[in-house]
Amino acid sequence: MLKNWFIYTACLILFNSCSFNKLFLVPTKLDEGTKRLTFKNKNDSTVIHFVGDNHHPVFLKNGNDTIQYDYTLESFMFKSSSGNHLNGWLLKPKNAKAKTTILHFHGNAGNLLRQYKTISPLIKYGYQIFLFDYSGFGFSGGKATRNNVLKDAHSALTNAKNHPDIKNTQIIIYGHSLGGHLSAVVASERQNEIDALVIEGAFSSHRDIAAKTAGFLGRLLVSEKYCAFKSIRNYHKPLLVIHSTQDETIPFSMGEKIFKNANTPKSFYQIEKCHICGPRFYADSIAAKLQSLLPPH
């Protein structure tokens, strides 16, 4: 009887552990053959046509008129050390040659078609933005796992460093939410290849955020494959931590926890509004803070 109870308990813990770990990544996958998508807004709709092997998106208002942006978009595929081919975008301002590239690590859900909106407001301040989908997201191949995501992030930095339009620019890693947690790990390991780091709305560790959801059981069941709170102690270049006091997804205290464990030079920007909405509502002040992080170029 006792033996059966032990086996049952062990299986239950194992099942719950797998379930908890899967919650960290909630991708929206796009089939390789997808050629058209429609997003309905309140008053109109946006139709997206995908062109060519690199899935270049063309945005049409109500399916008719091409939407004009103040930046160009290059879509491409690159191979990750995870073995998967990833979809990346390079957004470049039309009216200025960028001196700084933001390498964006997006959050845990959706794909580029939604996630690019969280960072693109910074383009009008002269920044170009390299962003990509992790394995299993959008048109990127493979499965979304925490091991793959870390490999993908490292590969994105390598690819960015070799891109002809990026290699002579300064590079800021800017991570949102899960991407913010991830960015601390990548930046600490490769700080000699970047100029600054921005972490917005990030959780301090996988176990910390699991505990928010399920208390002690969540902390017990979740494995800590890598940890922003620990990694940030090894990072010594300029750092900006951004977190909203109204963030209902990641507690404000977790942003404070990462910041307190970080080395100087560092600064903390306390904002309001929703989770990872900084560039949407505070683009002007964030752009100024980014500039202050960088050495003369």
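Just so you know, these numbers come straight off a predicted model, no measurement behind them. We number each residue from 1, following the sequence as shown. Excluded from the calculations below are hydrogen atoms, water molecules and symmetry mates; all remaining heavy atoms, backbone and side chain alike, are included.
- With sequence neighbours excluded, the residues satisfying side chain to side chain contact (heavy atoms under 4.5 Å, CB included) with D44 are N41, K61, N62.
- To the nearest 0.5 angstrom, L90 atom CG is 6.0 Å from K92 atom NZ.
- How far CG of L91 is from OH of Y116: 8.5 Å, rounded to the nearest 0.5 Å.
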Run the side-chain donor-acceptor check on residues 26-33: report pairs under 3.5 Å with partners two or more places apart or on a different chain.
from : atom 1 : to   : atom 2 : distance (Å)
K29  : NZ     : S140 : O      : 2.3
D31  : OD2    : G33  : N      : 2.9
E32  : OE2    : H55  : NE2    : 3.2

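- Judged as a side chain to side chain contact (heavy atoms under 4.5 Å, CB included), and not counting sequence neighbours, K97 has no contacts.
- With sequence neighbours excluded, the residues that form a ring pair (Phe, Tyr, Trp, His ring centres under 6.0 Å) with F50 are F139.
- Listed by chain and number, the residues in a ring pair (Phe, Tyr, Trp, His ring centres under 6.0 Å) with Y127 amount to none (sequence neighbours excluded).
- The disulfide bond (SG atoms under 2.5 Å apart) pairs that include a residue from residues 151-268 number zero, where partners must be two or more places apart or lie in different chains.
- Annotation: disulfide bond (SG atoms under 2.5 Å apart) contacts involving residues 255-287, sequence neighbours excluded, comprise C274-C277.
- Two rings, from F24 and Y226, have their centers 6.0 Å or more apart.
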What pairs of donor and acceptor atoms, side-chain ones from residues 66-73 against any protein atom, are under 3.5 angstrom apart with sequence neighbours left out?
none

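- The side chain to side chain contact (heavy atoms under 4.5 Å, CB included) test applied to A160 returns F130, I166, not counting sequence neighbours.
- Classified by interplanar angle (parallel below 30°, tilted 30° to 60°, perpendicular above 60°), the ring pair H181/H206 is perpendicular.
- A search for ring pair (Phe, Tyr, Trp, His ring centres under 6.0 Å) contacts involving F39 returns nothing, not counting sequence neighbours.
- Looking at I194, I199, I102 one by one, the single match for side chain to side chain contact (heavy atoms under 4.5 Å, CB included) with I173 turns out to be I194.
- Between Y282 and E272, some side-chain heavy-atom pair lies under the 4.5 Å cut-off.
- Less than 6.0 angstrom separates the ring centroid of H106 from the ring centroid of Y134.
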task: Apply ring-ring contact (aromatic ring centres under 6.0 Å, His included) to F268 and F252, showing your working.
output: CA-CA 12 Å; F268 191 93; F252 181 77; 5.6 Å; yes

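- Here the NZ-CD distance, from K99 to Q170, works out to 9.0 Å after rounding to the nearest 0.5 Å.
- In this structure, E200 CD and L240 CG are separated by 9.0 Å, a value rounded to the nearest 0.5 Å.
- Across every non-hydrogen atom of G138 and D133, the tightest pair is CA-OD2, 3.6 Å.
- Side-chain contact annotation: S45 with T38, donor-acceptor N/O pair under 3.5 Å absent.
- Both Y235 and I258 are members of a single hydrophobic cluster when ILVMFWY side chains are connected at heavy-atom separations under 4.5 Å.
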- prompt: Does the side chain to side chain contact (heavy atoms under 4.5 Å, CB included) test come out yes or no for K289 and V198, once each step is laid out?
  reply: CA-CA 10 Å; K289 290 179 182 296; V198 181; over 6 Å; no

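- In this structure, the separation between CG on N261 and CG on N234 is 9.5 Å, given to the nearest 0.5 Å.
- Within the structure, ring pair (Phe, Tyr, Trp, His ring centres under 6.0 Å) contacts touching residues 149-170 (residues at least two apart or in different chains) are F76-H163.
- S244 and D247 share no side-chain donor-acceptor pair at under 3.5 Å.
- Residues passing the side-chain hydrogen bond (donor to acceptor under 3.5 Å, both in side chains) test with D152, sequence neighbours excluded: S80, S82, S135.
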